[in-house]
Amino acid sequence: MFKNFAVINFLSLLFGIFIIFLYLVSYYSNQSINIYLTPVIVIACTAFSYMWCLPPSQITSKYFDPFYPGSLFFIFYLFYIIFSGSILWLVNDYSSRWIDLGFNYAFLVNQAFILATLGCAFFGLGLRAPININKGISIKNIFYNHKIFRYKDFKFVTIFFFVVGLIASLNILNIYYSTGDNILVFLSPRARRDAELPIGQLEVMLVYCVMWSAIFLSIISFYKKRKLPYIIIIFFTIIIVFVVTGKRSTILPILLMPLIYYHYRINWLNVSKAIRWAVIGVAIIFFGLFGRIAIPLLFNEVNLSDSIGRDFSEVAKFLLNSGEWNTFDMFIVSLKESEELNDLVGGAFKGFMTFTFATLSVLVPRAIWPEKPIFEDLGQKYFQHIENSTETVGYAVTVWGSGYQFFNIMGLTLGFFVLGWALKYIYYFIKPYNGYSGDVIIYGIIFWMVFQFLRFGTLGFTTLLFVQSMLIGFLSILFISRNILNKRT
């Protein structure tokens with residue numbers, strides 16, 4: 001895909017200089033000129049990020065890896081910064097339902113696009129920084145042997161996860177049913193909160209077993225001639241998981257992780273196929289969002305035309321203005337009101353430490369620590385600040401929002417450089433491209449967690465998500481590839 005890196009780097013430098021020039025012009029220009037500058041800035045920022053973040057994904061002269069950290073970062077930036085910002089700019093005409101952009105609204109939007117791209121620039125520098133992985137590889141061998149993958153154990157774990165997850169799911173569905181409401185009403189997060197259902201974290205974790213059974217079953221199906229029975233069971237588990245949790249984040253891993261496995265173990269995906277799968281992922285986000293909103297409304301006998309829209313354009317605008325795509329707005333909130341947000345969390349340093357390490361308390365059972373505080377994510381603080389509410393609802397603030405809030409420009413420069421370097425280190429530490437099954441599945445878990453970190457912006461909440469949904473899958477791979485036996489099965 002990328003052949004002449006010298007030319008690409010030179011073009012990236014030219015675009016970078018051009019973006020700096022655009023920032024200066026925007027800074028010293030009035031509102032009307034800034035409005036004309038916005039499309040130029042969006043195009044320049046997109047082109048720069050494409051040429052700067054994607055080329056490191058060309059790991060050899062022959063292979064471009066769509067699952068390299070630079071690829072994930074660029075796709076995330078494209079949808080959650082450029083696309084989200086374009087909704088604010090084009091669909092809503094520089095208007096946000098979450099923050100008052102003020103008199104200089106066009107300049108603020110332009111500034112946000114450029115500062116987000118500054119983060120891309122330093123992330124790309126981190127991807128190009130040298131690494132030394134010799135010590136890391138020796139540490140990895142302590143936990144598991146990447147050359148061992150016990151297929152019989154893998155099938156046993158798949159069946160075990162399916163049974164345990166199905167029992168946990170049926171138990172939660174029974175709790176939904178006991179309220180007297182239709183169980184599909186609880187696709188709505190608000191309905192689950194308002195009902196105050198007696199569902200513990202352990203039960204939620206056990207539900208994720210059925211998600212993992214679907215992931216593992218998908219991998220097993222790659223080696224079977226008769227795939228239809230597997231497809232039926234996988235589809236059934238997807239329905240169960242979505243109805244029980246109401247989260248699209250439980251559906252996407254069922255598609256993503258087998259795809260990563262297929263890519264590294266069976267047939268390397270080319271760029272066009274990777275783009276097609278990315279589009280499918282975005283479509284799932286949209287349809288999942290629509291289903292989670294529309295189905296509960298239908299069962300509550302609410303007129304969808306009045307709530308969502310009367311035609312396709314109104315429904316599309318409603319979905320585009322949902323919280324799923326307000327990530328650019330949250331970055332602007334951070335740019336404009338970081339001082340107020342830091343006051344809300346007890347200061348920048350305390351806030352950073354809290355939202356990075358406080359979730360480690362989940363490892364301590366409440367039986368040992370009865371007065372253990374309930375963890376609040378940074379996105380919940382944004383919601384409380386914006387909506388003047390105490391509800392336990394959160395927004396996705398992204399690493400751009402949290403980075404700028406806690407560390408200002410240092411967060412968008414040094415912070416993104418460290419992030420790029422760390423993700424490069426992890427990639428070459430795991431070496432999924434070697435095709436060992438254990439490495440590939442573990443890298444799939446890390447890939448999904450990196451996406452969640454980019455989206456929610458704090459290591460603490462990402463840790464919570466890992467413990468809740470990914471830990472059981474991770475431990476199962478350590479068991480399957482355990483270092484006790486030397487023979488390969």
Side-chain angles (χ1 to χ4, degrees), residues 1-2 4-27 37-59 64-65 68-86 107-131 327-328 330-332 334-335 338 397-427 450-451 453-455 457:
M1 181 174 177
F2 296 100
N4 196 328
F5 287 97
V7 172
I8 293 170
N9 288 336
F10 178 71
L11 289 174
S12 299
L13 177 62
L14 290 181
F15 268 101
I17 294 171
F18 182 53
I19 291 171
I20 294 173
F21 169 75
L22 289 173
Y23 179 82
L24 293 174
V25 173
S26 176
Y27 184 82
L37 283 176
T38 302
V40 181
I41 289 173
V42 169
I43 293 170
C45 289
T46 305
F48 170 80
S49 300
Y50 172 82
M51 290 185 289
W52 187 241
C53 293
L54 279 184
S57 301
Q58 191 80 39
I59 59 173
F64 174 87
D65 190 354
Y68 185 78
S71 303
L72 170 62
F73 185 87
F74 174 73
I75 294 298
F76 186 92
Y77 167 85
L78 192 64
F79 282 104
Y80 287 96
I81 295 296
I82 296 298
F83 180 69
S84 173
S86 297
F107 168 70
L108 184 58
V109 169
N110 293 344
Q111 180 191 40
F113 277 121
I114 292 173
L115 288 177
T117 307
L118 177 68
C120 294
F122 278 84
F123 182 87
L125 286 174
L127 291 179
R128 289 163 172 79
I131 57 172
T327 45
F328 187 81
M330 293 303 105
F331 181 43
I332 291 180
S334 178
L335 292 178
S338 59
V397 304
T398 75
V399 288
W400 282 271
S402 61
Y404 188 86
Q405 177 189 334
F406 293 134
F407 301 108
N408 208 277
I409 291 297
M410 286 291 289
L412 299 179
T413 52
L414 181 61
F416 274 74
F417 175 84
V418 172
L419 178 62
W421 180 88
L423 295 184
K424 176 184 178 181
Y425 185 94
I426 291 170
Y427 180 82
V450 170
F451 170 79
F453 175 67
L454 293 175
R455 185 163 178 251

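Basis for what follows: all heavy atoms, side chains included, without hydrogens, waters or symmetry-related copies. One is the number of the first residue; the rest follow in order along the sequence.
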When rounded to the nearest 0.5 angstrom, what distance separates [atom1] in [X] from [atom2] in [Y]?
X      : Y      : atom1 : atom2 : result
Leu115 : Cys120 : CG    : SG    : 11.5 Å
Ile41  : Ile82  : CD1   : CD1   : 10.5 Å
Ile81  : Ser49  : CD1   : OG    : 10.0 Å
Met51  : Thr46  : CE    : OG1   : 10.5 Å
Leu127 : Phe417 : CG    : CZ    : 9.5 Å
Ile8   : Leu13  : CD1   : CG    : 14.0 Å

With sequence neighbours excluded, tell me which residues meet side-chain hydrogen bond (donor to acceptor under 3.5 Å, both in side chains) with [X].
X      : value
Ser71  : Ser57
Ser26  : Asn34
Thr117 : Tyr77
Thr398 : none

- Does anything in residues 10-23 pair up under side chain to side chain donor-acceptor pair (under 3.5 Å), and if so which pairs, sequence neighbours excluded?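 Matches after skipping sequence neighbours: none remain.
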Are any non-hydrogen side-chain atoms of [X] and [Y] less than 4.5 angstrom apart?
X      : Y      : value
Leu125 : Trp52  : yes
Ile426 : Val450 : no
Ile114 : Gln111 : no
Phe15  : Tyr50  : no
Tyr427 : Asp65  : yes

Compare every heavy atom of [Y] with every heavy atom of [X], then report the nearest pair and how far apart it is.
X      : Y      : result
Ala129 : Trp421 : CB-CD1, 3.5 Å
Ile332 : Ala112 : CG1-CB, 3.8 Å
Asn9   : Arg128 : OD1-NH2, 3.7 Å
Phe74  : Cys53  : CB-CB, 4.3 Å
Pro69  : Leu423 : CG-O, 3.5 Å
Phe64  : Leu54  : CE1-O, 3.7 Å

Indicate the ring-plane relationship of [X] and [Y], choosing parallel, tilted or perpendicular according to the 30° and 60° boundaries.
X      : Y      : result
Phe73  : Trp400 : tilted
Phe328 : Phe331 : perpendicular
Phe83  : Phe79  : perpendicular

Which side-chain N or O atoms in residues 404-415 pair as donor and acceptor under 3.5 Å with protein atoms at least two apart or in another chain?
residue	atom	partner	partner atom	Å
Gln405	OE1	Tyr382	OH	2.8
Gln405	NE2	Asn342	OD1	3.1
Thr413	OG1	Ile409	O	2.9
Thr413	OG1	Met410	O	3.4

- Item | Phe21 and Ile17: CA distance, side-chain angles, deciding distance, side chain to side chain contact (heavy atoms under 4.5 Å, CB included) verdict | CA-CA 6 Å; Phe21 169 75; Ile17 294 171; 5.7 Å; no
